[in-house]
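Here is how names work: the chains are called A, B, and so on, in the same order as the sequence lines, proteins then strands, and each is numbered from 1. Note that these values count all heavy atoms, side chains included, but never hydrogens, waters or copies made by symmetry.
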Protein chains: 2
Amino acid sequence: MKITTWNVNSIRAREDRVLNWLDQHQPDVLCLQELKCTEEQFPFDGFDALGYQVVIHGQKSYNGVAIASLDYPDSVEAAVPWPEDDQSRGIAVEINGIRVASLYCPNGRSVGHPAYEYKLAWFDRLHDWLSSFSPQTPMVLTGDYNITFDDRDVNDPVAWREQILCSTPERQRLNALIDWGLTDALRLFDESAGIYTWWDYRAGGILQNKGLRIDHHLISGPLVERAVAVEIDVDERRSERDGDKPSDHAPVTLVLED
Amino acid sequence: MKITTWNVNSIRAREDRVLNWLDQHQPDVLCLQELKCTEEQFPFDGFDALGYQVVIHGQKSYNGVAIASLDYPDSVEAAVPWPEDDQSRGIAVEINGIRVASLYCPNGRSVGHPAYEYKLAWFDRLHDWLSSFSPQTPMVLTGDYNITFDDRDVNDPVAWREQILCSTPERQRLNALIDWGLTDALRLFDESAGIYTWWDYRAGGILQNKGLRIDHHLISGPLVERAVAVEIDVDERRSERDGDKPSDHAPVTLVLED
DNA sequence: GCTTCGGGAG
DNA sequence: CTCCCGAAGC
């Protein structure tokens with residue numbers, strides 16, 4: 001079973017690329033972030049034609065998340081981690097006995113900015129939501145966390161030191177999810193530095209591999225047993241295919257046994 | 001010899017369509033209007049690859065005209081009809097003994113609007129410019145005139161009566177060019193009503209053929225002798241090809257003998 | 001409708 | 001760099 005996360009930076013601007021990728025890679029579940037559209041604007045038809053169901057928690061212009069899947073979800077919870085959030089940043093489903101969440105965590109703009117305070121508070125809310133489950137629940141919380149775990153995830157740790165996406169309070173929030181009982185799936189397979197999932201559009205980031213690892217699969221114990229790989233499709237980020245214009249994030253795929 | 005006029009409504013937004021059309025139809029001269037770009041922004045490379053020279057009188061965001069030709073022009077006069085005009089609406093060349101002008105005449109917005117006064121004054125300037133030549137000069141003044149000659153050029157003459165593009169003062173200015181010695185080339189071949197070159201994007205204008213004839217070839221006596229056809233490529237305006245998004249104007253081609 | 005722009009966001 | 005938007009222009 002394959003579960004992919006992909007911040008597509010506008011599904012309408014990227015529809016063809018996403019559908020081509022989906023057609024070629026056929027993950028069982030595709031978690032999308034930064035749709036930048038409402039449910040009315042979402043291009044369901046293309047996904048339908050490829051046999052994918054889509055549930056979406058949309059928003060005009062900003063944010064917006066969705067989960068596309070070959071099987072119908074058994075349940076859907078939009079507005080994760082809390083329903084009163086006026087930003088659409090999370091949606092969760094149950095599929096084949098696994099709880100899957102697609103998360104677009106706040107960016108925070110810069111350390112100390114009001115958006116940074118919202119980011120930290122948002123992660124506290126995410127922790128609260130997570131705590132409503134048992135750590136024995138098969139779970140995949142995946143998406144764009146907008147936080148690096150440590151300096152191995154950062155191409156230039158000196159430049160990024162205590163900057164947004166890398167500050168200690170942010171990393172504490174991310175590690176609180178680990179402490180609860182989740183595992184950073186990629187690190188089960190590769191402990192090396194220099195593995196990235198996002199590269200800034202500016203400054204030719206992708207050509208010089210100036211990236212960060214901020215898209216993660218956090219998985220609970222029962223899935224740690226089943227995890228066999230995490231794959232980052234850097235070619236899709238780099239790619240000149242399909243009229244150029246890739247997203248600034250690569251698709252990242254968790255492969256589970258069975 | 002074929003001389004085409006085409007208001008492309010942004011050459012950057014329409015580059016592929018224009019080049020595909022050019023490659024298929026191979027006119028000797030292509031007069032373009034509403035480039036909406038400066039010379040720096042103009043996509044010369046694609047024209048070059050098809051063997052076309054391009055001279056341009058550009059402007060940021062608005063207006064902008066060009067002439068693409070298989071043969072090099074023997075002379076170029078940008079800023080027609082007068083050099084101090086702060087809007088880039090005309091360029092003229094001499095090619096194979098014929099003076100060719102590509103004109104994007106002012107729209108005028110609505111009768112009585114300041115832009116309407118500018119439109120009338122602009123046509124007076126055009127008449128002055130024209131008067132610097134002999135009517136025996138082989139000339140093609142072509143482009144988007146933003147004026148209909150008479151009600152045969154109007155899909156709904158009642159609705160358009162004395163409206164912008166159809167008002168008596170505008171038609172007088174257009175006829176002043178005829179009185180000087182030019183001929184409306186299309187009417188040499190077809191006197192019927194309902195021949196249009198422009199259809200509003202709104203209200204499904206093209207589907208109901210709710211159009212106007214505002215793109216003209218005005219030709220001098222020596223070319224009246226040589227004219228054999230005027231062809232309007234309505235399919236290109238209608239077309240769903242090349243990722244949709246046609247211009248609101250069709251290409252119009254004058255065919256000359258020799 | 002469709003294009004341009006500049007401003008805000010990332 | 002790339003996206004969104006709301007004006008303005010046609």
Side-chain angles (χ1 to χ4, degrees), chain A residues 7-15 17 33-38 41 58-64 87 89 104-110 113-116 118-119 144 146 163-165 198-208 210-212 214-215 237-238 243-249, chain B residues 7-15 17 33-38 41 58-64 87 89 104-110 113-116 118-119 144-147 163-165 198-208 210-212 214-215 237-238 243-249:
Chain A
N7 178 322
V8 292
N9 187 15
S10 173
I11 188 61
R12 288 178 294 169
R14 216 83 59 208
E15 180 180 354
R17 285 190 84 98
Q33 301 93 37
E34 267 203 283
L35 302 176
K36 294 186 173 180
C37 72
T38 62
Q41 297 170 317
Q59 181 182 332
K60 181 179 171 175
S61 306
Y62 299 107
N63 312 310
Q87 301 184 25
R89 296 184 170 277
Y104 176 49
C105 309
N107 171 285
R109 298 201 60 172
S110 58
H113 191 281
Y116 181 77
Y118 170 75
K119 180 177 192 171
D144 176 3
N146 267 319
Q163 298 302 302
I164 194 69
L165 314 184
W198 171 84
W199 296 259
D200 199 307
Y201 281 126
R202 292 160 290 194
I206 186 65
L207 295 171
Q208 303 166 71
K210 290 194 170 178
L212 299 177
I214 55 178
D215 301 272
R237 169 61 182 86
R238 187 167 13 223
D244 272 359
K245 305 247 178 187
S247 168
D248 46 352
H249 294 251
Chain B
N7 177 322
V8 292
N9 186 15
S10 171
I11 187 61
R12 289 178 293 169
R14 216 84 56 208
E15 181 181 355
R17 285 191 86 98
Q33 301 93 35
E34 268 205 278
L35 303 174
K36 295 188 175 179
C37 72
T38 63
Q41 298 170 316
Q59 179 181 332
K60 180 179 168 169
S61 306
Y62 300 106
N63 312 311
Q87 302 183 24
R89 295 184 171 279
Y104 175 49
C105 308
N107 171 286
R109 299 200 60 173
S110 57
H113 191 279
Y116 181 78
Y118 169 75
K119 180 177 193 172
D144 176 3
Y145 282 80
N146 268 319
I147 306 179
Q163 298 302 302
I164 194 70
L165 314 183
W198 171 84
W199 297 259
D200 199 305
Y201 282 126
R202 294 160 287 194
I206 187 63
L207 296 171
Q208 301 167 71
K210 290 194 170 178
L212 299 177
I214 56 178
D215 302 273
R237 169 62 181 85
R238 188 167 11 222
D244 272 0
K245 306 245 177 191
S247 167
D248 44 353
H249 294 250

* Asked: When you match B:N9 and A:N9 each to their closest nucleotide on DNA chain D, which lands nearer the 5' end?
  -> A:N9
* Structure fact -> Of B:D248 and A:Y62, the one whose closest nucleotide on DNA chain D sits nearer the 5' end is A:Y62
* Are B:N107 and B:K119 close enough that a side-chain donor and a side-chain acceptor fall under 3.5 Å? -> no
Gap between atoms [atom1] and [atom2], on [X] and [N] respectively (whole Å):
X	N	atom1	atom2	answer
B:D200	C:dC2	CG	P	11 Å
A:N107	D:dC3	CG	C1'	14 Å
A:E34	D:dC1	CD	P	19 Å
A:H113	C:dG10	NE2	C1'	12 Å
B:Q208	C:dG1	CD	C1'	14 Å
B:I11	C:dT4	CD1	C1'	15 Å
A:N7	D:dT2	CG	C1'	12 Å
B:D215	D:dC10	CG	P	16 Å

* side-chain N/O B:K245 vs C:dT3 OP1/OP2, d < 4.0 Å -> yes
* Between D:dC1 and A:K210, is there an OP1 or OP2 to side-chain N/O distance shorter than 4.0 Å? -> no
For the side chain of [X], starting at C-beta, report the closest nucleotide among [options].
X	options	value
A:R12	D:dC5, C:dG6, C:dT4	D:dC5
B:S10	D:dC5, C:dT3, C:dC5	C:dT3
A:Y201	D:dG9, D:dC3, D:dC1	D:dC1
A:R109	C:dC5, C:dA9, C:dC2	C:dA9
A:R14	D:dG9, D:dT2, D:dC4	D:dT2
A:Q41	D:dC5, C:dC5, D:dC3	D:dC5
A:S61	D:dC3, D:dC5, C:dT4	D:dC5

* To do: Tell whether A:R202 reaches the base of C:dG10 with its side chain through a donor-acceptor pair below 3.5 angstrom.
  => yes
* **Backbone of A:G64 reached by a side-chain donor or acceptor of A:R89 within 3.5 Å** => no
